[in-house]
Amino acid sequence: MLNLLENLNPEQLAAVTLPDQSALILAGAGSGKTRVLTTRIAWLIQTGNVSPNGVLAVTFTNKAAKEMLTRISAMLPISTRGMWVGTFHGLCNRLLRAHYRDAGLPQLFQILDSQDQHAAVKRVLKALSVDEDRFPAREAQYFISAAKEEGKRARDVEIGDEITRRFAEIYAAYDEQCQREGAVDFAELLLRTFELLSRNEILREHYRGRFRHILVDEFQDTNRLQYRWLKLLAGPKNIMFAVGDDDQSIYRFRGAHVGNMAEFERDFRVENVIRLEQNYRSHGHILSAANALISHNRKRLGKNLWTSAGHGEPLRVYEAQSDGYEASWLTEEVQALKRAGLRLADIGVLYRSNAQSRVIEHSLFSAGMPYRVYGGLRFFERMEIKHALAYLRLVANPEDDGAFLRVANFPARGIGARSLEALQDAAKAGDASLYKAASGLSGKSGAAVAAFVRLVDALKAETQGLPLPETVEVMLEKSGLVAHYKAERDGADRVENLNELVNAAAAFMNEEEEHDLSAFLAHASLESGENQAAEGVDALQLMTVHSAKGLEFHAVFITGLEEGLFPHEQSVLEDDGLEEERRLMYVAITRARTRLYLSFAQTRMLHGQTRYNVASRFLDELPEEVVKRLTPRPGHARFDGVAWGPEPAKGHKAKTPSHGFRIGQSVLHPKFGQGVIVNSEGSGTDARLQINFGKQGMKWLALEYAKLTAA
DNA sequence: AATCCGTCTATTTTT
DNA sequence: TAGACGGATT
């Protein structure tokens with residue numbers, strides 16, 4: 001037992017061995033949070049405090065859940081089988097499968113991912129003849145999810161105005177449709193479980209009796225419903241162990257409610273707030289920068305990271321003429337790091353928004369530098385995979401209307417929009433599923449529909465009793481999907497993905513206990529398949545700051561540090577938006593172990609227009625003594641690096657000068673400080689310049705009177 | 001049924 | 001700039 005606790009620092013040890021009462025662990029970046037969480041579980045079990053059956057551990061991502069299980073298994077000699085470790089959604093799925101009847105669901109309810117939900121909402125809008133210009137599916141979808149995440153059903157929505165009333169109607173109709181089709185969206189998994197447990201005392205008491213210890217990871221990311229869910233499950237007696245970092249709360253836009261941390265302290269009478277502040281990841285200067293930056297935020301629980309490692313290198317700040325120059329500087333720097341022996345996979349290139357990756361990719365590509373961009377479509381979200389899954393859904397349940405509509409005419413088999421509309425009308429009139437309605441259809445368009453019904457029946461019959469991977473194979477052939485993509489010009493990748501689906505099914509059988517088709521379909525909805533086919537090549541890692549959370553790199557580039565981009569201009573309008581941007585910057589900085597580059601560009605192409613930006617205020621918030629400028633700065637003659645980097649890969653050039661000053665140039669104004677010339681008008685003594693002073697705003701100044709100096 | 005073309009829009013994202 | 005989407009065209 002002792003060796004479990006070996007090498008823990010005093011705070012970690014205190015957290016791991018806390019007595020039986022609820023606790024909040026404020027775990028700073030790189031402070032060994034996952035280690036504390038997993039060791040705590042192992043310790044609880046090893047000391048006989050609780051059996052594996054009595055442990056429930058909740059995470060946000062499948063990756064984190066998997067990681068946790070692996071680490072616990074490594075620490076304990078016994079099986080972790082009885083333990084429930086999973087995402088909120090995964091655990092809800094498990095509960096609802098076990099108690100589908102009590103939850104009012106069919107046994108084979110299916111899970112809608114965001115795409116499926118979008119399609120389902122569109123069908124509702126059509127059925128209600130809603131004007132989709134006034135009530136776009138996207139907004140309706142957002143409205144529904146937001147309401148559910150507040151724990152509200154359609155009837156609970158407060159009707160403020162006509163628009164809300166309409167959205168509430170759409171919400172009600174959507175829920176009805178889902179219920180009819182046995183479909184459950186992500187938020188519904190949570191809400192349905194919450195309602196199940198609040199109504200059903202026997203079940204509630206059963207699970208409260210079972211899960212003596214409930215542990216939650218990334219607690220700062222919980223939304224209101226998730227918190228109420230936890231509170232309901234924990235009851236008054238169980239012991240909650242919540243781990244989180246308010247400074248890393250960056251998901252407010254999708255409902256995360258940091259206030260849950262303070263509420264948790266009150267609701268669970270937390271006597272022990274333990275702060276993990278010793279950082280095992282980054283060198284001193286990097287942490288100083290992070291601490292200094294985040295201290296500008298007012299709403300904090302308070303925390304200061306420290307390390308026993310040395311100061312390390314200063315942060316390197318690079319100012320580029322344009323986004324193109326920034327990218328080529330970055331490329332050269334990466335080449336140098338690689339020559340110095342660093343693995344590319346240990347270098348992270350971060351940016352605020354996805355659009356920024358393009359220029360960087362272009363430069364890396366020209367240099368033949370391997371890179372991997374995170375984000376974008378994941379395996380189970382690809383169109384061809386969605387089609388294949390729709391066929392599988394029909395095999396599992398032919399009355400799945402969403403799946404029916406998706407593939408009835410894909411590959412094309414002569415069922416046009418007219419036939420489908422007629423079919424939908426017939427289904428509506430008979431209060432039946434499309435499949436049922438199709439079985440009773442006649443006429444010439446009925447022939448094609450009947451053929452499709454026969455195909456579904458045949459698939460079902462032929463795959464009966466087959467193992468999962470074979471079922472997938474048969475479906476791929478019989479449905480005509482593979483043949484269709486083989487015939488397509490650029491279909492090779494898609495065919496490959498379809499074949500990969502067979503592997504995914506085989507892998508699923510190896511990893512999971514349940515092997516039936518509907519379990520696989522649930523898996524496909526809940527696990528987007530990010531880790532599917534991760535290539536073995538050593539490649540530079542490109543991603544948004546958001547997706548970098550939880551990761552670490554030897555060297556990190558934070559690019560595009562410009563006012564308007566990072567902090568993003570939209571965020572300044574939201575209340576608390578700037579603080580969230582700062583937390584985002586804090587997350588970015590704390591990803592770096594030993595080397596951190598910060599870069600910005602005077603000129604950037606955005607939405608097809610050239611923008612002239614001022615350096616991000618976040619750069620000003622870093623202590624000067626930990627920063628080294630790679631480019632000259634006003635008032636500093638000396639500089640310790642290359643002034644202007646290599647030419648960009650393609651002709652990205654700043655505009656030519658008009659008079660003494662050129663557009664894109666940095667200038668200094670006695671009152672407004674530093675700014676960037678954005679536009680000019682007139683000439684000679686009449687000339688006026690438009691200058692972006694960042695925080696001071698945008699100004700038009702007459703060249704004759706304004707005392708401008710080149711910066 | 002597939003393709004073309006104009007229009008629109010443009011943080012951040014896991015489940 | 002570039003992608004997504006809807007409507008019209010072939």
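Keep in mind that this is a model prediction, so the values were computed, not measured. Just so it is clear: chains get the letters A, B, ... in the order the sequence lines come, proteins before strands, and each one is counted from 1.
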If the P atom of B/dT12 is compared with that of C/dC5, how far apart are they to the nearest Å?
-> 16 Å

Atom CG of A/L91 and atom P of B/dT14 are separated, to the nearest Å, by 19 Å

Side-chain contact check for A/E581: nearest option of B/dT15, B/dT11, B/dT13 is B/dT11

Please report, to 0.1 Å, the donor-acceptor pairs under 3.5 Å made by any side chain of residues 252-259 of chain A, with sequence neighbours excluded.
unit_1: A/R252; atom_1: NH1; unit_2: A/D575; atom_2: O; d: 3.0
unit_1: A/R252; atom_1: NH2; unit_2: A/D575; atom_2: O; d: 3.2
unit_1: A/H257; atom_1: NE2; unit_2: A/R224; atom_2: NH2; d: 3.2

Identify whether any heavy atom of A/D185 sits under 4.0 Å from a base atom; if not, whether one sits that close to sugar-phosphate; answer base, sugar-phosphate or nothing.
-> nothing

Looking at the side chain of A/H568, which of B/dT11, B/dT13, B/dA1 is the nearest nucleotide?
-> B/dT11

Side chain of A/H89 - closest among B/dT15, B/dA1, B/dT12 | B/dT15

Sidechain N-carboxylate O distance under 4.0 Å for A/R153, A/E188 | yes

Could you tell me whether the side chains of A/E218 and A/Q220 share a donor-acceptor contact shorter than 3.5 Å?
-> yes

N/O (side chain, A/S114) to phosphate O (OP1/OP2, B/dT14) under 4.0 Å | no

For A/D221, report the nucleic acid contact type (base, sugar-phosphate, nothing); a contact means any heavy atom under 4.0 Å.
-> nothing

Would you call the rings of A/F508 and A/H523 parallel, tilted or perpendicular, where under 30° means parallel and over 60° means perpendicular?
-> tilted

Find the distance A/L542:CG to B/dT12:C1' and express it as a whole number of Å.
-> 16 Å

Mind checking A/D116 for me? I need base, sugar-phosphate or nothing, with any heavy atom below 4.0 Å counting as a touch.
-> nothing

5′-ward residue of the pair A/T87/A/R418 relative to DNA chain B | A/R418

Cation-pi between A/R393 and A/Y391: NZ/CZ under 6.0 Å from ring centre and within 45° of the ring axis?
-> no

Using the aromatic ring of A/F253 (for Trp, its six-membered ring), decide whether it stacks on the base of B/dT11 within the limits of 5.5 Å and 30°.
-> no

Looking at every strand, decide which applies to A/F88 at a 4.0 Å heavy-atom threshold: base, sugar-phosphate, or nothing.
-> nothing

Nearest-angstrom distance from the residue atom CZ of A/R138 to P of B/dC8 = 19 Å

Hey, does A/F60 reach any base, or is it just sugar-phosphate, or nothing, if we go heavy atoms under 4.0 Å?
-> sugar-phosphate

A/L578 CG to B/dT12 P: how many Å, rounded?
-> 18 Å

For A/Q226, which contact category applies under a 4.0 Å heavy-atom criterion: base, sugar-phosphate, or nothing?
-> nothing

Atom pair distance, as rounded to whole Å: CZ in A/R582 and C1' in B/dT11 | 18 Å

Euclidean distance, atom CZ of residue A/R611 to atom P of B/dT11 [Å, nearest integer] = 10 Å

Summarise how protein sits on nucleotides 1-10 of chain C as a single string, 5' to 3': B when a protein heavy atom is under 4.0 Å from the base, S for sugar-phosphate-only contact, - for no contact.
-> BS---S----

Test item: side-chain donor near acceptor, A/Y612 and A/Q602, under 3.5 Å = no

Answer yes or no: are there more than 12 heavy-atom neighbours, outside A/E569 itself, under 6.0 Å from its atom CD?
-> yes

Distance in angstrom units between A/F380 CZ and B/dT15 C1', rounded = 14 Å

Give a yes/no on whether any side-chain N or O of A/N354 is located under 4.0 angstrom from OP1 or OP2 of B/dT12.
-> yes

Mind telling me whether A/F410 and A/Y485 have parallel, tilted or perpendicular rings, with 30° and 60° as the class edges?
-> tilted

Where the side chain of A/S547 is defined as all heavy atoms beyond and including C-beta, which of B/dT15, B/dT11, B/dT13 is the nearest nucleotide?
-> B/dT13

In whole angstroms, how far is the C1' atom of B/dT12 from the CD atom of A/Q248?
-> 16 Å

